[in-house]
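Letters A, B, ... mirror the listed sequences (proteins, then strands); counts begin at 1. What's counted below: heavy atoms across the whole structure, side chains too, no hydrogens, waters or symmetry copies.
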2 protein chains.
Amino acid sequence: MSAGDRRKQAVTSHDVARAAGVSRASVSRAFAADGNISPKLRSHVLQVAQDIGYSVNQIARGLNRQRSDLVGIIASRLDNPHRSAQVEALTKGVVAQGLRPLLFCIERNEPVDRILGLLLDYQVSGVIITSGSPDETIVERCAAHEVPLILVDRPNTDWERVDHVTGDNVAGGRMVAQALQEKGRSHIVVVRPRRITHAMSERVDSLVTTCGEFDIAVETILMDGSDYDAALQCVSHWLTTQNAPVRDGSTALFVPNDISALGALDALRVTGLAVPQDIGLMGYDDIAQAAWVGASLSTVRQDPETIAAEVLTLLARRIETPDGPPTTIRIPVTLKLRSTH
Amino acid sequence: MSAGDRRKQAVTSHDVARAAGVSRASVSRAFAADGNISPKLRSHVLQVAQDIGYSVNQIARGLNRQRSDLVGIIASRLDNPHRSAQVEALTKGVVAQGLRPLLFCIERNEPVDRILGLLLDYQVSGVIITSGSPDETIVERCAAHEVPLILVDRPNTDWERVDHVTGDNVAGGRMVAQALQEKGRSHIVVVRPRRITHAMSERVDSLVTTCGEFDIAVETILMDGSDYDAALQCVSHWLTTQNAPVRDGSTALFVPNDISALGALDALRVTGLAVPQDIGLMGYDDIAQAAWVGASLSTVRQDPETIAAEVLTLLARRIETPDGPPTTIRIPVTLKLRSTH
DNA sequence: TTGAAAGCGTTACCAT
DNA sequence: ATGGTAACGCTTTCAA
């Protein structure tokens with residue numbers, strides 16, 4: 001009576017042990033994948049457990065094991081369908097590994113530090129960062145807690161125990177340049193956000209390099225943001241101020257993410273330009289909306305599922321072997337030629 | 001030496017207590033919001049804690065308190081921008097409350113049961129379900145664990161301790177009917193998924209009722225799925241098989257979610273119909289893509305942030321007072337009249 | 001293979 | 001207001 005007042009009605013391994021006539025240790029072993037326990041006893045325990053409605057308290061297990069089987073995912077801008085697809089794939093992958101995803105959505109340039117603290121306090125088994133700019137501090141904190149860190153689409157630093165997964169932006173940028181060159185474009189206008197992500201700049205740099213080989217002129221214009229509206233406004237404005245009109249089909253725009261490319265497309269059409277006759281356009285990511293018949297945007301596909309799969313392979317490996325060498329995986333990308341190039 | 005082999009390098013409240021010359025209890029109180037502790041001692045402890053890099057182990061705290069400050073969010077189809085916006089708003093709200101979001105993305109008709117088990121094993125402080133069909137079993141399991149359950153866009157059952165938040169679908173459906181009537185439409189075609197969600201059927205039913213008052217004829221056609229492609233195919237097919245051509249402007253389509261409405265819009269345009277001159281169209285949700293200039297879809301806005309805010313108010317209240325009466329909140333919706341109605 | 005007992009790091013109760 | 005101590009529910013040595 002005196003003790004146990006604050007406890008809720010909850011079935012514990014102790015209850016199972018008593019009901020099954022075994023020790024708590026055996027109950028634990030019955031639920032452990034590799035427990036040293038006879039098949040006979042295990043099935044008995046499992047049966048009893050099911051009968052009385054027991055399941056392992058993961059918090060207690062986590063305290064004991066000093067890790068929680070939770071995985072932190074840090075992302076931003078889920079309004080970009082490429083991101084939300086990535087997050088969906090990642091969460092499903094995490095669950096498939098027997099882990100649980102803790103999702104944090106951050107603002108455009110919110111520091112990752114604060115969030116990381118929250119995650120570490122939960123003894124996470126790993127952290128996946130798809131957005132934000134992880135600096136060395138973060139890496140060190142993860143390392144101090146022995147928490148694996150997987151970076152998606154981040155600059156490929158050579159930090160210990162940190163793995164990277166990214167689409168092959170260099171190949172992607174080259175593919176765009178080639179596709180445009182084959183269509184006879186002699187002038188490419190890169191429309192990119194003022195504050196560019198690493199992945200985008202890889203794409204752009206590769207395109208610029210390739211264009212150099214092709215003797216294609218490249219010009220860059222900057223937009224404030226990386227969403228639909230930013231591109232719509234930027235390109236609209238550019239079309240009105242541009243001294244040299246460009247409706248002869250010699251020019252094409254490259255916008256290094258689809259959500260912005262679709263804004264650019266609308267800006268071109270509103271101005272009365274025919275795409276691809278008067279001017280060409282290519283995006284990057286291959287979000288669902290790019291394939292919509294109203295857009296039919298030519299782009300480069302980075303498959304979120306493939307990326308997620310590699311992230312989880314790496315994570316599983318590093319949970320197993322925390323001290324393995326840092327690995328970087330570049331996922332192949334594919335050209336999706338539709339109507340706008 | 002013998003003991004402590006498996007412990008990681010981690011600073012505990014014990015370390016802080018020793019360094020600050022106080023008891024572990026005082027350290028705990030220093031970190032508790034309402035701890036009975038003198039301001040002086042608290043600031044001292046906090047200072048020492050910061051110096052040696054201590055933060056509360058949430059797993060240990062969770063074990064003791066019998067709840068983890070984790071909140072489960074169950075969602076599906078993040079490829080629908082309305083959903084991803086909802087999830088983003090929800091996760092941010094959860095964090096703002098000092099809780100942490102555990103996100104599970106489920107497949108179209110995956111049972112929620114399995115996932116719920118995972119959540120309950122983590123002693124979550126609450127569960128938010130925005131997808132899937134929670135049956136009585138789920139409610140009972142949450143109740144048994146004293147875990148608050150908030151349902152978004154679900155049928156308003158009268159289960160104890162379960163709260164509901166939903167957009168005002170009845171008002172929304174009526175608004176659509178009125179807007180269409182004012183444009184002189186005399187025939188409305190409802191394009192809806194074969195397996196309709198509760199929220200959608202509320203919208204449709206309300207529209208049908210209102211159309212009855214207006215003497216507007218309503219016809220329903222069924223699509224296989226509730227995404228862009230489903231609507232594109234369904235409407236395209238309907239346009240070719242329809243015996244009575246409908247290009248006189250008397251007809252309008254109502255598609256009860258925007259992502260499908262945009263598919264319907266493309267189907268109409270591909271067929272050469274001018275929208276809204278030849279035929280009208282309205283959607284529902286007001287996703288970002290509806291406002292894109294290429295679409296300019298007339299729709300009804302349900303604000304995901306408002307919905308999330310109400311969900312969190314309810315959750316906080318129920319964590320505080322588990323036995324309060326079940327509450328249902330209907331969020332007001334607003335008409336977004338653009339170019340297609 | 002099984003059981004007993006010692007933690008895992010925290011908070012809450014009970015004294016002082 | 002503060003300190004000692006007993007849980008919280010589990011896993012994991014260590015013995016048998």
Can you check the [X] [atom1] to [N] [atom2] distance for me, whole Å?
| X | N | atom1 | atom2 | result |
| --- | --- | --- | --- | --- |
| Asn57(A) | dG9(D) | CG | C1' | 6 Å |
| Phe31(B) | dT10(C) | CZ | P | 9 Å |
| Asp15(A) | dC8(D) | CG | P | 11 Å |

Under 4.0 Å, heavy atoms only, any strand: does [X] hit a base, just the sugar-phosphate, or nothing?
| X | answer |
| --- | --- |
| Asn36(A) | base |
| Ile59(B) | nothing |
| Val27(B) | nothing |

For [N], does either OP1 or OP2 sit under 4.0 Å from a side-chain N or O belonging to [X]?
| X | N | result |
| --- | --- | --- |
| Ser28(B) | dT11(C) | yes |
| Ser23(B) | dT2(D) | no |
| Gln66(B) | dT11(C) | no |
| Ser38(A) | dT2(C) | yes |
| Tyr54(B) | dT10(C) | yes |

(request) Inspect the contact between Arg100(A) and Asp69(A) and indicate whether a charged nitrogen and a carboxylate oxygen are less than 4.0 angstrom apart. (result) no
(message) Please determine whether any donor N or O and acceptor N or O are separated by less than 3.5 Å between the side chain of Arg29(A) and the base of dT11(D).
(response)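 Side chain to base: no pair present.
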(message) How about CZ on Arg108(B), more than 12 heavy atoms from neighbouring residues, nucleotides or ligands closer than 6.0 Å, or not?
(response) yes
(message) Does either side chain, that of Trp159(B) or that of Glu136(B), offer a donor lying less than 3.5 Å from an acceptor on the other one?
(response) yes
